[in-house]
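Written below as structure tokens is the structure these notes are about.
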Amino acid sequence: MRPHPRIRKTIKWGGLVIAGLLSVAWVGSKWFFVGWSSPAGGFVYGGAGLICVATPLWTDAQAMSPQWRFERHSDSMRWWFHGRRWPLGHITYCPLWFPLLLVLIPTALAWRLDSLVTRRARLSLRPKDS
């Protein structure tokens, strides 16, 4: 079953936009840190080429108000997955190239499929020589 042209074009152009935004975030994470901490003690941040997600790392008595952080940093880029576990929670690090790769694969396939469909349509419409 062939995908509908509208779905293919949505994947193609939407994937291109998302891949562009992820690329800018990945390059920008070399110099900038963006993070959010929740009142329950967990946090999410991006920086040094990573996305970090943490479950609560402290008890409710130590909970604080949610806050956003944006600052410059000089950490070197990190390129691989890793994590840490503590008695009260854990932290998982995911490199930003991984979600970029997950977006680029279906986007590239959609571009390829669209070019094949266009070429086949063009060749079949060509008048036959007699």
Side-chain angles (χ1 to χ4, degrees):
M1 182 173 173
R2 292 177 25 197
H4 192 277
R6 182 175 277 174
I7 295 171
R8 190 173 56 243
K9 297 218 185 280
T10 301
I11 292 171
K12 187 171 97 167
W13 291 105
L16 189 66
V17 169
I18 292 169
L21 292 173
L22 282 170
S23 298
V24 168
W26 187 23
V27 171
S29 72
K30 166 74 173 128
W31 301 283
F32 296 101
F33 167 92
V34 178
W36 179 78
S37 59
S38 75
F43 61 86
V44 176
Y45 77 81
L50 297 171
I51 296 173
C52 173
V53 178
T55 59
L57 299 175
W58 49 77
T59 62
D60 289 338
Q62 298 168 322
M64 53 193 221
S65 63
Q67 63 181 23
W68 282 94
R69 288 179 48 196
F70 180 79
E71 55 193 49
R72 289 186 59 93
H73 72 84
S74 59
D75 290 346
S76 60
M77 294 289 273
R78 305 225 174 95
W79 295 91
W80 204 243
F81 301 89
H82 62 285
R84 294 187 177 131
R85 184 174 292 279
W86 286 286
L88 297 176
H90 66 277
I91 297 177
T92 304
Y93 299 93
C94 175
L96 279 168
W97 60 260
F98 185 69
L100 178 61
L101 183 67
L102 291 178
V103 169
L104 282 176
I105 290 171
T107 302
L109 290 173
W111 278 90
R112 177 69 179 150
L113 181 62
D114 198 47
S115 68
L116 287 174
V117 167
T118 303
R119 185 176 357 164
R120 286 179 184 155
R122 200 174 6 161
L123 291 174
S124 68
L125 292 176
R126 180 187 270 176
K128 294 183 178 184
D129 295 335
S130 358

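Heavy-atom basis, side chains included; hydrogens, waters and symmetry copies ignored. Since this is a predicted model, take the numbers as computed values, not measurements. Throughout, residue positions are numbered sequentially from 1 according to the sequence presented.
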Checklist line | Rounded distance (nearest 0.5 Å) linking atom SG of Cys94 with atom CZ of Arg78 | finding: 14.0 Å
Check: Are side-chain heavy atoms of Ser29 and Met77 found at a separation under 4.5 Å?
Finding: yes
Item checked: Worked verdict on Leu109 versus Leu113 for side-chain contact (heavy atoms from CB on, under 4.5 Å) -> CA-CA 6 Å; Leu109 290 173; Leu113 181 62; over 6 Å; no
Next item on the list: Give the intermediate values and the outcome of side-chain contact (heavy atoms from CB on, under 4.5 Å) for residues Phe81 and Thr92.
Entry: CA-CA 8 Å; Phe81 301 89; Thr92 304; over 6 Å; no
Item checked: Partner residues of Trp111 under the side-chain contact (heavy atoms from CB on, under 4.5 Å) criterion, sequence neighbours left out -> Lys12, Trp13, Leu16, Thr107
Check: Is a side-chain N or O of Trp97 found less than 3.5 angstrom from the main chain of Trp79, in a donor-acceptor match?
Finding: yes
Check: Going through the checks in order, is the side-chain contact (heavy atoms from CB on, under 4.5 Å) test met by Leu100 and Leu104?
Finding: CA-CA 6 Å; Leu100 178 61; Leu104 282 176; 3.9 Å; yes
Margin query: Test of understanding: clusters of I, L, V, M, F, W, Y form through side-chain heavy atoms closer than 4.5 Å, transitively. Do Trp26 and Phe98 belong to the same one?
Written below: yes
Next item on the list: Cation-pi check, Arg72 to Phe33: give yes when NZ or CZ is under 6.0 Å from the six-membered ring centre and within 45° of the ring axis, no otherwise.
Entry: no
Item checked: Atom pair CH2/NE2 of Trp31 and His73 - distance to nearest 0.5 Å -> 10.0 Å
Notebook entry, point to check: Between atom CZ of Phe32 and atom CD of Glu71, what is the distance when rounded to the nearest 0.5 Å?
Noted result: 11.0 Å
Checklist line | side-chain contact (heavy atoms from CB on, under 4.5 Å) evaluation trace for Phe43 with Tyr45 | finding: CA-CA 7 Å; Phe43 61 86; Tyr45 77 81; 3.5 Å; yes
Notebook entry, point to check: Linking I/L/V/M/F/W/Y whenever any side-chain heavy atoms sit under 4.5 Å apart, do Leu50 and Leu21 land together?
Noted result: no
Check: Is a side-chain N or O of Thr55 found less than 3.5 angstrom from the main chain of His90, in a donor-acceptor match?
Finding: yes
